[in-house]
Amino acid sequence: MLPLYGVCVEKYLIEKLLGKQKEYEFTLNLIEAIRSLGINLIADGVDDIQFYQCIIQVGFQYASGMYYGKVLNTSDLLEDNSKVNLLYE
């Protein structure tokens with residue numbers, strides 16, 4: 001069995017946290033189940049401050065998206081790893 005560091009949660013699913021109560025409860029329960037297993041949560045598609053505040057409130061540990069900057073190719077990232085953003089530094 002391979003070690004599992006984290007689960008990337010797509011923007012579509014996280015957007016449910018901003019939606020109707022029933023969708024919010026389902027999505028929050030799913031996220032809490034993942035966290036209860038000790039697995040890190042990675043939010044994908046964080047493009048604005050509202051989305052960022054939502055994932056912080058829910059307890060995501062990591063995020064990616066245009067809110068942090070433009071998409072980089074691998075060689076640029078390897079040359080300058082200061083472009084890597086974590087939620088809690």
Side-chain angles (χ1 to χ4, degrees):
M1 188 159 106
L2 295 174
L4 181 63
Y5 176 77
V7 171
C8 184
V9 181
E10 293 293 323
K11 181 177 184 171
Y12 172 79
L13 187 58
I14 300 169
E15 284 176 333
K16 300 297 182 189
L17 294 170
L18 303 171
K20 300 174 185 170
Q21 185 65 27
K22 189 174 184 178
E23 293 173 335
Y24 173 86
E25 289 173 6
F26 172 79
T27 305
L28 191 59
N29 287 336
L30 179 61
I31 289 169
E32 288 175 356
I34 294 168
R35 283 196 354 228
S36 73
L37 296 171
I39 299 172
N40 291 311
L41 290 166
I42 306 160
D44 186 37
V46 180
D47 296 333
D48 58 41
I49 189 70
Q50 180 186 13
F51 207 80
Y52 171 79
Q53 291 170 337
C54 176
I55 65 167
I56 292 295
Q57 182 179 1
V58 174
F60 279 79
Q61 291 86 9
Y62 302 96
S64 68
M66 294 302 289
Y67 180 70
Y68 297 100
K70 66 179 181 129
V71 177
L72 301 173
N73 63 41
T74 307
S75 61
D76 289 342
L77 187 59
L78 293 174
E79 287 176 19
D80 183 5
N81 65 4
S82 68
K83 295 177 182 174
V84 176
N85 292 305
L86 301 176
L87 292 180
Y88 306 104
E89 291 186 7

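Not counting sequence neighbours, the partners of Ile39 by the side chain to side chain contact (heavy atoms under 4.5 Å, CB included) test are Leu4, Val7, Ile34, Leu37. Remark: Asp48 engages no residue in a salt bridge (Lys or Arg N to Asp or Glu O under 4.0 Å) (not counting sequence neighbours). Ile49 is linked by a side chain to side chain contact (heavy atoms under 4.5 Å, CB included) to Tyr52, Gln53, Tyr67, counting only residues two or more places apart in sequence or in another chain. Every residue two or more places apart in sequence or in another chain was checked for a ring pair (Phe, Tyr, Trp, His ring centres under 6.0 Å) with Tyr12, and none qualifies. For Glu25, there are no salt bridge (Lys or Arg N to Asp or Glu O under 4.0 Å) partners, not counting sequence neighbours. Here Phe26 pairs with nothing under the side chain to side chain contact (heavy atoms under 4.5 Å, CB included) rule; sequence neighbours left out.
Two residues are said to be in side-chain contact when any heavy atoms from C-beta on lie closer than 4.5 Å; Asp47 and Lys11 meet this criterion. Ile55 is not listed as a side-chain neighbour of Val58, based on a closest heavy-atom distance of 4.5 Å or more. At least one side-chain heavy atom of Val9 sits less than 4.5 Å from a side-chain heavy atom of Phe60.
Identified under the salt bridge (charged side-chain N to carboxylate O under 4.0 Å, His left out) test for residues 52-65, with sequence neighbours left out: none. Within the structure, side chain to side chain donor-acceptor pair (under 3.5 Å) pairs that include any residue of residues 26-36 do not occur (at least two apart or interchain). Residue pairs meeting the salt bridge (charged side-chain N to carboxylate O under 4.0 Å, His left out) criterion with at least one member in residues 50-65: none, sequence neighbours excluded.
In terms of heavy-atom proximity, Cys8 sits nearest to Asp44 at SG-CB, 3.6 Å.
For the atom pair Tyr62 OH and Asn40 CG, the distance stands at 5.0 Å (nearest 0.5 Å). Note that NZ of Lys16 and NZ of Lys22 are 12.5 Å apart. Values are rounded to the nearest 0.5 Å. Atom CD of residue Gln61 and atom OH of residue Tyr5 lie 8.0 Å apart, to the nearest 0.5 angstrom.
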